[in-house]
Protein chains: 2
Amino acid sequence: MIDIAIFDEHRLVLEGISGLLTGISEFRVVLNCDDRNILTEKLKSIQVHVLILNMHDISVRNLNLIVQLNISNPKLKILVVSVIDSEEIVLKTIKAGAKGFLGKDSDRNSLIEAVYTLRNGHDYYSKSITHILLNRYISSLKADDLSDNADINSLSSRQIEILKLWGESYSNQEIADRFFISVRTVESHKNHIMQKLNLKSTVDMVKFAIKNNIIEI
Amino acid sequence: MIDIAIFDEHRLVLEGISGLLTGISEFRVVLNCDDRNILTEKLKSIQVHVLILNMHDISVRNLNLIVQLNISNPKLKILVVSVIDSEEIVLKTIKAGAKGFLGKDSDRNSLIEAVYTLRNGHDYYSKSITHILLNRYISSLKADDLSDNADINSLSSRQIEILKLWGESYSNQEIADRFFISVRTVESHKNHIMQKLNLKSTVDMVKFAIKNNIIEI
DNA sequence: CCGCATTTACGTGTTTTACGTAAGGAATGA
DNA sequence: TCATTCCTTACGTAAAACACGTAAATGCGG
C-alpha cells in the first residue's frame with residue numbers, strides 16, 4: 001500500500017489529479033491539500049510515501065517548500081508535476097530535492113508509473129524531461145572538452161607541476177622543499193606562468209588551474 | 001538516401017549488422033570494413049553520412065579513431081554500437097565526438113531509428129544509455145547542492161561582499177577603496193573568513209567561493 | 001542589561017607578489 | 001657551428017598580502 005498526498009493550489013485541478021489515482025488498489029490518497037502551510041503542518045503528523053506537487057510557477061516559495069519538506073520528512077518522495085517544463089524549473093526542483101518530474105507529455109499511466117518508481121526509491125522523469133536533462137548534460141560534456149585545449153599547452157611540465165602543488169594549497173616553501181629548489185625559483189616559475197597566461201592575480205591562476213583540470217575544486 | 005559505412009573488427013558481426021540494414025530503401029551501405037587503416041583511407045574519398053562503429057573495447061585506439069575521423073570528416077556522424085555500456089565508455093565516446101550510442105538493449109528498430117536521427121543532425125542514445133547518463137547527471141546535480149548549504153550561511157553579508165570582489169581579482173586596496181574602509185579591515189575580514197571556514201590557504205578560499213557560487217570560474 | 005557576532009582597525013613578523021635581471025643547458029634551425 | 005629561443009634555475013628590492021593577536025564600537029536576541 002502506497003500512501004499519497006497531493007498538493008495543488010487550484011482545488012479543481014487537485015480533485016482532478018486525485019481522481020486519476022482512484023481505482024488503483026495499492027494507492028491510498030490520504031491528503032488533498034491546497035494550502036502550503038496546512039500541508040506542512042499535516043505532514044508532521046501523517047506519514048506519507050509520495051507527495052504529488054503541482055507547480056504552477058518556479059517561485060522561491062515553491063522551491064523552498066520542497067527543500068523544507070525534504071528536511072522535515074526525509075523519507076518523503078516528492079513528485080513534481082508541471083506544465084512548465086523548462087530547463088530552469090527542472091534543474092531547480094531537482095536541486096531542491098524533488099525525486100521525480102512529470103512534464104506536459106505525461107498521462108495517467110506515467111503518473112502511476114512515477115508513483116511506483118518513487119516508492120521503490122528511484123527517480124522518475126518523463127520523456128520530455130529526460131530529453132531536456134540529457135541534452136544539457138551532453139552539451140556540457142562536449143563544452144568541457146573544447147575548453148581544454150587552449151593555453152595549457154604553452155606551459156612546461158615543470159610549470160604545471162608547480163602550479164598543481166600550489167593549487168593544492170602548498171606554500172612556496174613546501175614546493176621548494178619537495179623539488180629541492182629555492183623558494184625564489186618557485187616564485188620565478190609562478191611569475192613566468194602568470195606572464196605566459198597573461199593573468200592579473202593569483203586568484204586567476206587558481207581559476208585557470210581548475211578550468212584546465214590541473215587541480216580539483 | 002542515406003549513405004552508411006560500417007566498421008567492425010569481426011567480419012562475421014560486420015556482415016550481421018550490414019544485413020540488418022538491407023530492405024530499407026533509403027539506406028545505402030557503401031562500405032563494410034574490418035580494418036582501421038583502410039577505413040580511414042577510404043573515408044577520405046567516399047562521402048558517407050553515418051558510420052556505424054562497433055566497439056569491442058574502450059582502447060585508446062578506438063577512441064582516437066573517433067577523434068581523428070571527426071577531424072578529417074566533420075560532416076560524418078558516428079554511431080557507436082557496443083555491448084559494453086559502462087558509464088566510462090559512453091562518456092569517453094561522447095567526448096571523443098560520437099553522436100550516438102546503442103547499448104545492448106538495442107534491436108534492429110533502434111538501429112534504424114538511430115541512423116535516421118543522426119542523419120537529421122540529432123544525437124541518439126538507447127534507453128539503457130540514457131539511464132546511465134541521466135543518473136550520472138542527476139547525481140552530479142544533487143552533489144553540487146549538498147555542498148552549497150553548509151558553511152556559506154555562516155558568513156556575514158559583508159564577508160561575502162569582500163570575498164566576492166577578492167574572488168574577482170580585486171586587490172585588498174581596491175576593495176578597501178570601494179567600501180571606504182581600511183586595507184587592514186579588508187585583511188581582517190579575510191582572516192575571519194578563513195577562520196570561520198577553517199581554510200588553510202587563499203587558494204582554498206577561491207575554491208570555496210567557486211563551490212558556493214560566490215564567484216564564477 | 002548581558003552576551004555574542006559583526007565591523008572596524010592596528011601591531012608585528014612572515015610570506016608572497018611584482019618586476020627586473022641573469023646564468024647555464026637543451027633544442028632547433030640557418 | 002653559431003645564433004636563437006625556451007626552460008630552469010636563482011637573486012635583489014620594494015610593495016602587497018597573510019598569520020595571529022588584540023581591541024573598540026555597534027547591534028541584536030534573550
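Throughout, a chain's letter reflects where its sequence line sits, starting with A, and its residues are numbered from 1.
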- prompt: What pairs with B/Lys200 under side chain to side chain contact (heavy atoms under 4.5 Å, CB included), at least two apart in sequence or on another chain?
  reply: B/Asp204

- prompt: Where along residues 175-193 of chain A does a heavy atom come under 4.0 Å from DNA chain D, residue by residue in number order?
  reply: A/Ile181, A/Ser182, A/Arg184, A/Thr185, A/Ser188, A/His189, A/His192

- prompt: At what distance, to the nearest 0.5 angstrom, does CD1 of A/Ile175 lie from CH2 of A/Trp166?
  reply: 8.5 Å

field: Protein proximity profile, nucleotides 24-30 of chain D - base contact B, sugar-phosphate-only contact S, no contact -, cut-off 4.0 Å on heavy atoms
entry: -------

- prompt: With sequence neighbours excluded, what pairs up with A/Arg158 under the side chain to side chain donor-acceptor pair (under 3.5 Å) test?
  reply: A/Glu161

statement: Taken in chain and number order and not counting sequence neighbours, the residues that satisfy salt bridge (Lys or Arg N to Asp or Glu O under 4.0 Å) with A/Glu41 are A/Lys44

DNA chain C: 5'-most and 3'-most nucleotides touching chain B, 4.0 angstrom heavy-atom criterion: C/dT6 to C/dT12

query: Which heavy atom in B/Ile215 sits nearest to a heavy atom in B/Lys164, and how many Å separate them?
result: CG2-O, 3.7 Å

task: With sequence neighbours excluded, tell me which residues meet salt bridge (Lys or Arg N to Asp or Glu O under 4.0 Å) with B/Asp8.
output: none

- line: Across all chains, not counting sequence neighbours, the side chain to side chain contact (heavy atoms under 4.5 Å, CB included) partners of A/Ile217 are A/Ile210, B/Lys207, B/Ile210, B/Lys211, B/Ile217

message: Can you give me the closest heavy-atom contact between A/Ser82 and A/Met55, atom names plus distance?
response: OG-O, 2.9 Å

task: Applying salt bridge (Lys or Arg N to Asp or Glu O under 4.0 Å), name anything that partners B/Lys196, two or more places apart in sequence or on another chain.
output: none

Qualifying residues under salt bridge (Lys or Arg N to Asp or Glu O under 4.0 Å), relative to B/Arg36, sequence neighbours excluded: B/Glu9

- line: In this structure, CG of A/Leu163 is separated from CG of A/Leu197 (nearest 0.5 Å) by 8.0 Å

Close approaches to DNA chain D from residues 156-174 of chain A, in residue order (heavy atom, under 4.0 Å): A/Ser156, A/Arg158

Qualifying residues under side chain to side chain contact (heavy atoms under 4.5 Å, CB included), relative to A/Ser128, sequence neighbours excluded: A/Asp85, A/Asp105, A/Ser126

- prompt: Which part of the nucleic acid, if any, lies within reach of A/Ser201 when heavy atoms closer than 4.0 Å are counted: base, sugar-phosphate only, or nothing?
  reply: nothing

